[in-house]
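The next block holds one structure in the form of structure tokens; read it before the comments.
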Amino acid sequence: MIFLELNKITVSPIKESSKSIYWHPPGDKSISQRATFLASLAEGTSRISDILWSEDTVNNLIALKKLGVGIEIDNNDVLVTGVGKFGYRASNNTVYLGNSATSSRIMISLLSAQKGRFKVDGNKMLRNRPMEWVVEPLKDMGAQIEWLNNYGCLPVGITGSRLDGMHHRIKVSSAQAVSALLYAALLADKKTRIYKKTKARDHTERIFKYFDLDLIDTGDYLELTPPEKILPHDIFVPGDISSAAFLIGLVAMQKSSGLELTVKKVNLNPTRTGFLEILQRMGADLTIINQGELCGEPIGEVIIRSGSELSGVKVSGDVFVQSMIDEIPILAAVAATAKGETVITDAFELANKDTNRIITTIELLNNFGIEAYPIEGGLVVTPGEFTSPGNLEVPNDHRISMVAMIIASFCNKKTEIYNWDTVRVSFPGFLEAFNLIGLASTDDDSSSLGPSIYMEMVE
Ligand SMILES: O=C(O)C1=C[C@@H](OP(=O)(O)O)[C@@H](O)[C@H](O)C1
Ligand SMILES: C=C(OP(=O)(O)O)C(=O)O
């Protein structure tokens, strides 16, 4: 049972549940952001259906609206009327992107080629995240960007200019670095060639092809020929596997059998499914059915059943780790319930998230009595019984906050969790989904965080 009070939530021990649940997760955050940006550059109106309504995506919509892009809500959908490739309107207002590194990195690229001056900024967490991997290559394309406070960090000032095409080798294992430069390449004068460091989520490549853009992938590099203009396309956003992972993990952690969750219409892009594969390797009863495609993205249904005995695993390899980069905190919680230790390496990018998630995941587990410690580029989790710390303030990190609530529900006494509501960044409906599983319940106030308030903010 969960009881809410201001920014504190009280999580009581769960009663084991045995139900069959069908659930459609909220829209994928990465695809919602990419779809919104691409539609904003098109000439005409694109309908984005099943978009994610959360703080990150809404900040993106509000920022684009202030730049002159047409943003209208039609039921749950967004109608984006693009202004063409170079039609963003300059204003004295800061382009504010809250907590979202993905949105700010792509936005910096797009503003670099618009007419006028812009300032891009975000919240305290975002101001600590590295921006130089995007800004330095953009400068090589001719962008005029200045660091307004500290080198490498937001806020930045941008004076729009002409962008040249270029050949660039990406130095970090980040999909955002590739994506930001691909968006800049759309606005460049000539072809741009990008050599990736690793294969990470490829939603940008897929949505560019869905929009009929001239992007080739030789396996060695990506090459984009800038289009004369971009035509609007309607898009359906599949469910977010990273949000679904919290509930999938929770079911896998329940020791008694009888609980079954079917996650419907969820994105199964192979660059995102590492968590599902690792759960299968650990011995979870997880199957994938009804696979298909939606707007160039693989989708399907995931069925997870409780009651399996799980074993610890070794997780390594740049590509594999990237395919579950946002799921590592929940994997660490699942690993604590398995037999044998779990060793995660090659997860260097985790240090660059809202918090350093290697450290915050370890601290969270330690707070609940689990032995976990850092190793180079990762962590080791030793299985054990979760014990409640009584009360706990979680860091400003939505993914850590959701894992804290899940772990707390497996403790033998109540836990008060402070600062839990960063869930709004990616999954405002988390508590309702948690209730649906039947392991917890909330009072009415939980709906105050629900997706509908985000629609009101845009209107
Ligand atoms: O491209 C994206 O939409 C994202 C890529 C990942 O970051 P990196 O590619 O920087 O590792 C991921 O952690 C983030 O939640 C969203
Ligand atoms: C790190 C995340 O997103 P971003 O990098 O866009 O802030 C996330 O959603 O966990």
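Both counts, for ligands and for their atoms, begin at 1 and track the order of listing.
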- Quick one: do Ile158 and Lys119 satisfy side-chain contact (heavy atoms from CB on, under 4.5 Å)? Show the steps, please. CA-CA 6 Å; Ile158 301 172; Lys119 178 178 167 188; over 6 Å; no

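We find that Glu223 and Arg193 are joined by a salt bridge, their nearest charged nitrogen and carboxylate oxygen being less than 4.0 Å apart. Comment: Lys171 does not engage Glu132 in a salt bridge, judged by the lack of any side-chain N to carboxylate O separation of less than 4.0 angstrom. Under a 4.0 Å N-O distance rule, the pair Asp318/Lys199 does not qualify as a salt bridge. Salt bridge status for Lys124 with Asp354: absent, with no side-chain N to carboxylate O gap under 4.0 Å.
Nearest-heavy-atom check against atom 3 (O) of ligand 2 across Lys353, Lys29, Arg357, Gln33 picks out Lys29. In this comparison of Arg129, Gln176, Arg105, the heavy atom closest to atom 7 (O) of ligand 2 sits on Arg129.
Residue contacts with ligand 2: Arg399 is placed with a nitrogen or oxygen under 3.5 Å of a nitrogen or oxygen of the ligand (distance criterion only).
Under 4.0 Å from ligand 2, the heavy atoms of Asp326 that appear belong solely to its side chain. Here Asn99 has backbone heavy atoms under 4.0 Å from ligand 2, and that is the only part of it that gets that close.
Closest to atom 6 (O) of ligand 2 among all protein heavy atoms lies Thr102 OG1, 2.6 Å. Scanning the protein heavy atoms around atom 1 (C) of ligand 2, the nearest turns out to be Asp354 OD1, 3.4 Å.
Although no hydrogens or angles enter the test, the distance criterion places no donor-acceptor pair under 3.5 Å between the side chain of Thr81 and the main chain of Gly44.
The contact shell of ligand 1, taken as protein residues with any non-hydrogen atom closer than 4.0 angstrom, comprises Ser30, Arg34, Thr102, Ser174, Ala175, Gln176, Arg201, Gln322, Ile325, Asp326, Lys353.
Taking the six-membered ring where tryptophan is involved, the planes of Tyr183 and Phe208 are perpendicular, since the angle between them exceeds 60° and thus also 30°.
Partners of Phe430 by ring pair (Phe, Tyr, Trp, His ring centres under 6.0 Å), not counting sequence neighbours, listed by chain and number: Phe427, Phe434.
Residues Leu224 and Asp214 have side chains not in contact (no heavy-atom distance under 4.5 Å, counting atoms from C-beta outward).
Near His398, the atoms of ligand 2 lying under 4.0 angstrom from a non-hydrogen atom of the residue are 8 (C), 9 (O), 10 (O).
Separation of the Phe275 and Phe246 ring centroids does not fall under the 6.0 Å cut-off.
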